[in-house]
Amino acid sequence: MRRGATVYECTRGFGSHGHQHMRIEAIFTVVTRLEVIHLTDEIRKIDPHAFIVMQCVSDTRAGW
């Protein structure tokens with residue numbers, strides 16, 4: 001999608017199956033509202049069980 005992303009190395013904490021100290025990656029990116037469906041479709045192709053969090057960002061500025 002030609003978007004930048006930030007990847008964080010994380011440790012999964014407590015889940016529905018108790019403590020799960022598993023190494024995972026969290027990926028953050030910013031897309032337009034028109035790109036959300038395409039991004040969600042691509043994520044589901046890679047990992048049908050991915051945990052996706054979406055938030056409206058009304059005041060986004062470019063990086064340094």
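Rounding to the nearest 0.5 angstrom, the gap separating the CD1 atom in I27 from the OG1 atom in T6 is 10.0 Å. E35 CD to T29 OG1: the interatomic distance, rounded to the nearest 0.5 Å, is 8.5 Å. Atoms OG1 and CZ, from T11 and R23 in turn, are 4.0 Å apart once rounded to the nearest 0.5 Å. With rounding to the nearest 0.5 angstrom, the SG atom of C10 is 8.5 Å from the CD atom of E25. To the nearest 0.5 Å, atoms CG (L39) and OG1 (T32) are separated by 10.0 Å.
R44 has its side chain within reach of I52: a pair of non-hydrogen atoms, C-beta onward, lies under 4.5 Å apart.
No more than 12 heavy atoms of other residues, nucleotides or ligands lie within 6.0 Å of CD1 in I37, so this atom counts as exposed by the packing criterion. For M1, the CE atom sits in a packed shell: over 12 heavy atoms of surrounding residues, nucleotides or ligands are nearer than 6.0 Å.
R3 approaches V30 most closely through the heavy-atom pair CD-O, 3.6 Å.
For residues 23-55, the ring-ring contact (aromatic ring centres under 6.0 Å, His included) pairs, not counting sequence neighbours, are Y8-F28.
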